[in-house]
Every structure is written in C-alpha cells, then in structure tokens.
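Computed over heavy atoms, backbone and side chain alike; hydrogens, waters and symmetry mates excluded.
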Amino acid sequence: METKFILYLLPCLFFLLHPSMANAINYADALGKSILFFEGQRSGKLPPGQRMTWRGNSGLSDGSTANVDLVGGYYDAGDNVKFGLPMAFTTTMLAWSVLEFGRLMQGELNNAKAAVRWGSDYLLKAATATPNTLYVQVADPNQDHSCWERPEDMDTPRNVYKITSQNPGSDVAAETAAALAAASLVFKRSDPAYSSKLLHAAMRVFDFANRYRGSYSDSLSSVVYPFYCSYSGYHDELLWGASWLHRASNNFTYMSYIQSNGALLGAGDDDYSFSWDDKRVATKILLSKGFLKNKVQGLQLYKAHSDNYICSLIPGTNSYQAQYTPGGLFYKESGSNLQYVTATSFLLLTYAKYLRSTGATVSCGSSVLTPSQLISLAKKQVDYILGQNPAGMSYMVGFGSHYPLRVHHRGSSLPSVHSHPGRISCNDGFQYLHTNSPNPNLLVGAVLGGPDDKDSFSDNRDNYQQAEPATYINAPFVGALAFFAGAQRAT
C-alpha cells in the first residue's frame, strides 16, 4: 500500500517541482553509487563479491588483544579507526533507509541489505562477545591519525576499548541497540533466524544501557575526545533505542518505557539538529508514526514537536530559523556540513511519507505545510549535492562529470595494494596526502563534507572539513536517493 501511494503521487509532484530538471539527474545511478561507497569503508576479510576492487583485506586480527573477535565493520571516514557510535548510527540509518524506501531500490536492494549486514554483523559480535560488556572502538585514533597508511598496511596499535557496568556508555550502547533492532526488521522475512538473534541482542544491550547509565565520553575520554564525544549526552539515545525496540518487537514494555521516561529523556524539548550525536528530532519523527497511523494518544506530543522541527526549516513560517547558503544549501556548521543535509533530507521525506499516508499536514502556527512542500525542500538539497549548485560540482565522488578528485581518505589517496604491493610505511604515506595529484583510487559514491556557507569548496586533500567522506553522511542519503529514484522511474 505504501509503495503504491509513493509511486502514484510522486510522478506529478516530481515534474511540478522542477519540470526543467526532471531528467537532468539520474537518481538511480546516484543510489547505486551511494551504496557502493560502503564497500570502500569495509574492514575485515572482503567477500568474493567485493566490487570496490582496489581495496584488500585489513584488520584481520582486530580484537585479538582482548581475546575477542572484532574483525569486520566499517572505518568511519578517511582513517582506519572503527568508532562504535558513528558505526552504529550508520547501521541504524542504512536500515531505516531500507525499511522506508527499500521497495523503491529495485536492483540495489540486495546491495543495501548487504551494507546493513556488514554493520550489524560486527555490532552483534561487539555486543555478545563478553557478558555485560560492549566493545565500542578498535584503534587509538591519536596514534592512527599520526600515520597516513592504507588499511591493508596499518601497523599502529589496534587497541580495543569497551564499556562495562563500572565504565558505562549509555549513548553508544543504546545506539547499538537501535542499530541491531532496526537491522532485525530489515532481515525479518529474508532471514528470520538472524533477525531474531539481532533483536534479542538489541534487547540485552538496551537493558545494559539503561541499567548502567553514563556517557562513554566520560568513561573513555582519552580516545573519544575530540573525535566522537557525545555532546548531547545519552538521554536522546535511550529514547531512540527504546523507540526502535518498540517498532521491532511490538513489545508494550518499550512503549511503557517511552511514556514513563519520555519527559525525562527530552520528549518535551524542541531540537533542530539530527546527527550521529543527537537523535532527539529523529526519535520524535519515528514515534509520530504511531500517533498518525495508530492514533496512540500518548504519542501526540511527538507529532507536535516534529511539526515544530519541520517549521523551523521552511522559510516563511513563524518559527523559521534554519540557515541556507546563497545557493540554497541547508547549512549547520563548517565541519562536514553535508552530514546534516543528508540527515535532514531523509527526515523530511520520511515525515512526508507518514503524513501523506494518513492525510495529515504540518501545523506551523497559523499556516499549514503539505507533504509536497517537505519533498520539495528535500529535493533541492539532494539536487544541490548532486551538482545543481553554483559551482556546478557534484559532491558525490564519481557521480556526474565534475566532482572532487582529492578526497581526504587514506585508502583512496595511496596507491592500491594491487598496483603497489610493497608496504607504504606510516610516514612515507604523507607524501600522498600533501600532493596535488588526484586520488589514484576512486572512492565511488562517497559524499564529502561539502561547501562552506558561501557555497565555496576547496578540492584539497588537506582540507578534511570539506574533503573527507563519512559513512554517516551517506547512510541517510541512501534512503533519500531511493525515494527520488522511485519517483523518476514512475514518470
């Protein structure tokens, strides 16, 4: 039913919004490349079907220093560290993309599910290897960042970091629970045994997060700051994790938890950002579905706050407060701004889907916004990323005719192990970082940090704030691209 509603209504909307651009961007191509990117971020033993062929096996002894198996997972960005918080968030968002828009992915659905599973396989091991313990990071980022090495060559210490009842981390644990729960829904029909294993692990990890409260930034400050410290605290992840567990399990225990603890965990607060750190807005949109579709009165508050968030993004409303560049790009901050653009676009489209399926609208004081207006704003953001911007540059590597060539990414910027089998040492790699030559290996599908508040972008490998990709930039973009690819095919 939901697929029919999307495919029926979007063709008209697609042409009405931008009739001159309707055929200018190939969203299906962008979708495929956005998923392919994750193969370039894989750690561990690569599968026979690996399509990013310049990559090789890496991190095959990860976890051995703690006598556990932590092989696999994703490197977060342009380095060789496995950070648990952004990896779990990436997995959650990949899974959410499949759940909301998987039927529009067509031939890319299996690749998207494989990307989810590469993350969930690792998180499952990290969550179940040792009782009352969650392994949340592999490698000391300070030492890793002191080298410019291919992941296949790395010889910096692969230290293992964990949270326990004595050294808690409710933020990373609850996000891990959310990821496992969301992934369990992805595989519920295709692999029910695996799905059940994920869900039960999610329940245990959430209980651990809730029972032993504290921030992992405090427990592991020396290797978390200033990389992925939890600035928003852990309350948002507890509510987010409970929300995903309720959706995955249909167990009223989690709805009861949400209703009993929501106020303490931020349900009544307005928030205007969504990222690997802050889940408050996304939780409200996720829970608003329960009110819109099932009329759960206890969730009406979440719909109201979701409306407030949407109103803040739309020029002309009473509560408008978002910032846009002269070229129309949503702008939040100088470092890796496109992470906020892709996440916001995903929420706009997901909320539009929930609204339209129930005939609802967004209330902005005396004005009303329709789902079509949300989709229009999301499309402008997606199109900007893919090249419809003042610079005429696609910020997705390998998409279009003009895209960044000097990506801040170790594996992509160094000669591959196939073309240069000899080891490239820690310090020897820096000559490749600082050269002006294009990256020898194309990290296809990578969405970079993006331009500044004046739409300016420097294609410079040393400019990590703009030129570095990250899994959590791409993950929500997968869902947004699937939406528009489906609309384009329906025309």
Side-chain angles (χ1 to χ4, degrees), residues 36-46 50-62 71-83 86-87 90 118 122 137-159 223 226-228 335-336 339 395-398 403-449 458-474:
L36 178 60
F37 159 73
F38 290 94
E39 296 192 15
Q41 298 302 113
R42 283 173 170 170
S43 179
K45 183 173 176 57
L46 302 182
Q50 171 79 10
R51 296 174 296 161
M52 196 81 82
T53 54
W54 51 265
R55 279 295 321 280
N57 298 333
S58 62
L60 298 181
S61 62
D62 281 358
V71 176
Y74 289 114
Y75 302 119
D76 70 302
D79 56 28
N80 300 323
V81 184
K82 296 194 297 201
F83 292 99
M87 194 195 306
T90 292
W118 197 268
Y122 174 84
Q137 190 166 311
V138 177
D140 181 333
N142 297 292
Q143 296 190 55
D144 178 89
H145 289 188
S146 69
C147 292
W148 195 261
E149 288 181 309
R150 302 177 295 197
E152 296 85 358
D153 281 339
M154 59 185 173
D155 54 1
T156 51
R158 302 297 288 174
N159 298 347
V223 292
F227 307 100
Y228 291 105
S336 192
Q339 68 175 300
Y395 293 105
M396 175 185 282
V397 176
Y403 50 82
L405 300 175
R406 299 163 190 86
V407 180
H408 184 92
H409 187 275
R410 285 160 174 76
S412 175
S413 67
L414 291 154
S416 76
V417 291
H418 306 297
S419 65
H420 189 294
R423 184 176 175 277
I424 300 173
S425 67
C426 167
N427 292 324
D428 287 346
F430 282 105
Q431 63 181 303
Y432 299 96
L433 167 63
H434 301 305
T435 181
N436 195 44
S437 300
N439 286 21
N441 309 306
L442 204 62
L443 190 62
V444 175
V447 179
L448 306 189
S458 174
D459 187 8
N460 182 335
R461 202 173 291 110
D462 285 302
N463 179 19
Y464 67 89
Q465 288 189 314
Q466 292 188 324
E468 187 170 16
T471 57
Y472 46 85
I473 302 178
N474 269 61

Under a 4.5 Å cut-off applied to non-hydrogen side-chain atoms, are [X] and [Y] in contact?
X: Glu468; Y: Val407; answer: no
X: Leu443; Y: Phe37; answer: yes
X: Phe83; Y: Pro141; answer: yes
X: Arg42; Y: Gln50; answer: yes
X: Val397; Y: Pro469; answer: no

Short question: side chain of [X], backbone of [Y] - any donor-acceptor pair under 3.5 Å?
X: Trp118; Y: Gly73; answer: yes
X: Gln41; Y: Phe38; answer: no
X: His408; Y: Asp462; answer: no
X: Asn474; Y: Gly445; answer: yes
X: Arg406; Y: Asn436; answer: yes

Restricting to pairs with a member in residues 422-447, which pass salt bridge (Lys or Arg N to Asp or Glu O under 4.0 Å), not counting sequence neighbours?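 Found Glu149-Arg423, Asp155-Arg423.
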Any salt bridge (Lys or Arg N to Asp or Glu O under 4.0 Å) pairs touching residues 435-446, not counting sequence neighbours?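 Output for this query is empty, none listed.
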I would like to know whether Arg55 and Leu46 meet side chain to side chain contact (heavy atoms under 4.5 Å, CB included); could you show each step before the answer? CA-CA 8 Å; Arg55 279 295 321 280; Leu46 302 182; 3.9 Å; yes
Measure the spacing between [atom1] of [X] and [atom2] of [Y] and express it to the nearest 0.5 Å.
X: Ile473; Y: Tyr395; atom1: CD1; atom2: OH; value: 13.0 Å
X: His409; Y: Trp148; atom1: NE2; atom2: CH2; value: 8.5 Å
X: Tyr464; Y: Leu433; atom1: OH; atom2: CG; value: 12.5 Å
X: Asn159; Y: Asp140; atom1: CG; atom2: CG; value: 6.0 Å
X: Thr156; Y: Asn142; atom1: OG1; atom2: CG; value: 11.0 Å

Working for side-chain hydrogen bond (donor to acceptor under 3.5 Å, both in side chains), residues Tyr472 and Tyr228: CA-CA 12 Å; Tyr472 46 85; Tyr228 291 105; 2.9 Å; yes
If the condition is salt bridge (Lys or Arg N to Asp or Glu O under 4.0 Å), which residues does Asp62 pass it with, not counting sequence neighbours?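 Counting only residues at least two positions away or on another chain, Asp62 forms a salt bridge (Lys or Arg N to Asp or Glu O under 4.0 Å) with Lys82, Arg158.
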With sequence neighbours left out, write down each residue that passes salt bridge (Lys or Arg N to Asp or Glu O under 4.0 Å) with Arg410, or none if nothing qualifies.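 Counting only residues at least two positions away or on another chain, Arg410 forms no salt bridge (Lys or Arg N to Asp or Glu O under 4.0 Å).
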Residues in side chain to side chain donor-acceptor pair (under 3.5 Å) contact with [X], at least two apart in sequence or another chain:
X: Asp79; answer: His145
X: Ser437; answer: Thr435
X: Tyr75; answer: Ser43, Ser58
X: Asp153; answer: Arg150

What's the verdict on side-chain hydrogen bond (donor to acceptor under 3.5 Å, both in side chains) for Ser412 and Asn439, showing C-alpha distance, side-chain angles and the deciding distance? CA-CA 6 Å; Ser412 175; Asn439 286 21; 2.9 Å; yes
Determine the minimum heavy-atom distance between [X] and [Y], stating which atoms define it.
X: Pro440; Y: Ser413; answer: CD-O, 3.3 Å
X: Phe227; Y: Val223; answer: CD1-O, 3.9 Å
X: Val138; Y: Tyr122; answer: CG2-OH, 3.5 Å
X: His418; Y: Thr53; answer: NE2-O, 3.0 Å

My understanding is that only residues two or more places apart in sequence, or in another chain, count here; which of them pass side chain to side chain contact (heavy atoms under 4.5 Å, CB included) with [X]?
X: Asn463; result: Ser458, Asn460, Gln465, Gln466
X: Leu60; result: Lys45, Asn57, Val71
X: Pro415; result: Ser419, His420, Ile424, Tyr432
X: Leu405; result: Tyr403, Pro438, Asp459

